[in-house]
Amino acid sequence: MRTLTRAGALSAVAAAALLSAPAAAHATAPGDNGTVKIHDATTGEELRKNEPHVCEFYLDAFGFDNVQQVSWHIEAWAPTAAVKGETVKSGAITLDGEGHGRTDDMTLPDGHYKLFWNFEGEKGSAKHKVFWTDCEDEEEGGGTTATPSASAPPSETPGDSTDEPSASPSAPGEAPASPSPQGGGEGDLAETGNGAPVGLLSAAAAALLGAGGYLVFRRRRAS
C-alpha cells in the first residue's frame, strides 16, 4: 500500500511539472521584454518608432522592468569609422516604475554608429541599434535664406522741398494773365462805370448827334 501511495504522489508531482512547463517556456525572460529607440531631439518620447537618421538625438527606452538599471555605450561603425568598435559615448540610466526612460540630448560628428544597451537581468546579448548622424545636410536644407524685400523709393530727393508751389509756373513763351480792373474778368460786357472806355463813348455820342442833325436838315429841305 505504501508503494502505491508513493507512486501516486510522484505521479501527481510529475503531472504538475508537465502542466507548468509550457507556460514557463512561453514566458518572457525578466529584463528582456523592453526595447530602445533612437529619437531625434524634436521627437516626443511617446513615439515608439526608430529614427536611424538624426542630428541631435536621445535614447528612448520603454517596456522594460520597473526601476531597471541600464548602462549603454555607442561605438563608431563602418563604413565611416576610423577605428571600428571605438566607444565614442557612454552613460547609465535608471528607468522609472513603468520601465521607461530617456537620456539627455546628445550629438556626434557626422557618421555611422552602433548603440549597445545593457541592463540588469539581461539574458543573451545586449540590445542594439545602428544609426547615422548627419547635421551638415540638416543645416543646409533645414533653413531658408530670407530674400530682402525691395526697398521703397525715398519719398523725396535730399534737398528738395516737399511743399508744392501755390501757383503753377507759366509755360515757356506764355505771358502771365494780367488781373482785370476792379477784380472783373476779361471781356466782361456787363461792366459799366469808370471801367468803360470814355473815348469810345464820346465818339459814339458825337456820331449820333451828327446823324440826328443830318436827318433834321433833310426834312427841312424837303418841306
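Heads up: numbering here begins at 1 and tracks the sequence.
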**Message:** Ignoring hydrogens, what is the shortest heavy-atom contact between D105 and A41? Give both atom names and the distance.
**Reply:** OD2-CB, 3.8 Å

**Asked** Would you find a donor on one side and an acceptor on the other, under 3.5 Å apart, between the side chain of N50 and the backbone of K37?
**Response** no

**Message:** Are F116 and V70 linked, directly or through intermediate hydrophobic residues, by side-chain heavy-atom contacts shorter than 4.5 Å (ILVMFWY only)?
**Reply:** no

**Prompt:** Closest approach of G85 and E75, non-hydrogen atoms and distance?
**Reply:** CA-OE1, 3.3 Å

**Request:** Mind listing the closest non-hydrogen atom pair of F64 and L95 along with its distance?
**Result:** CB-CD1, 3.4 Å

**Request:** Taking atom types as modelled, find out whether H100 and D60 have a side-chain donor-acceptor pair closer than 3.5 angstrom.
**Result:** yes

**Prompt:** Distance-only, no hydrogens or angles: does the E51 side chain make a donor-acceptor pair with backbone N or O of D40 under 3.5 Å?
**Reply:** yes

**Prompt:** Side chains of W117 and L59: closer than 4.5 Å at any heavy-atom pair?
**Reply:** yes

**Message:** I need the H73 NE2 to K89 NZ distance, nearest 0.5 Å.
**Reply:** 14.0 Å

**Prompt:** Just by distance, do the side chain of T107 and the backbone of E56 share a donor-acceptor pair under 3.5 Å?
**Reply:** no

**Prompt:** Between T94 (side chain) and V67 (backbone), is there a donor-acceptor pair under 3.5 Å?
**Reply:** no

**Request:** Look up atom CZ in F131 and atom CD1 in I38, then write down how far apart they are to the nearest 0.5 Å.
**Result:** 4.5 Å

**Message:** Take a 6.0 Å sphere around CD of E45 and say whether it holds more than 12 heavy atoms from other residues, nucleotides or ligands.
**Reply:** yes

**Prompt:** Side chains of W132 and T80: closer than 4.5 Å at any heavy-atom pair?
**Reply:** yes

**Test item: H39 and L47 side chains (from C-beta on) under 4.5 Å apart, heavy atoms** = yes

**Message:** Are the side chains of L108 and F57 in contact, using a 4.5 Å heavy-atom criterion?
**Reply:** yes

**Message:** If I take atom OH from residue Y113 and atom CD from residue E86, how far apart are they, to the nearest 0.5 angstrom?
**Reply:** 9.5 Å

**Message:** Between T133 and P109, is there a side-chain heavy-atom distance shorter than 4.5 Å?
**Reply:** no

**Request:** State, with a plain yes or no, whether a side-chain heavy atom of P79 is found less than 4.5 Å away from one of H112.
**Result:** yes

**Asked** Roughly how far, to the nearest 0.5 Å, is CG of D110 from CG of D134?
**Response** 5.0 Å

**Rounded distance [0.5 Å steps], CZ in R102 versus OG1 in T43** = 10.0 Å

**Item:** Single-linkage hydrophobic cluster, 4.5 Å side-chain cutoff, F62 and I93 together
**Value:** no

**Message:** I'd like to know if the side chain of K127 and the backbone of G34 have a donor-acceptor N/O pair within less than 3.5 Å.
**Reply:** yes

**Request:** Give, for atom CH2 of W77 and atom NE2 of H128, the distance between the pair rounded to the nearest 0.5 Å.
**Result:** 8.5 Å

**Request:** Grab the two heavy atoms, one from W72 and one from T103, that are nearest each other, plus how far apart they are.
**Result:** NE1-CG2, 3.7 Å

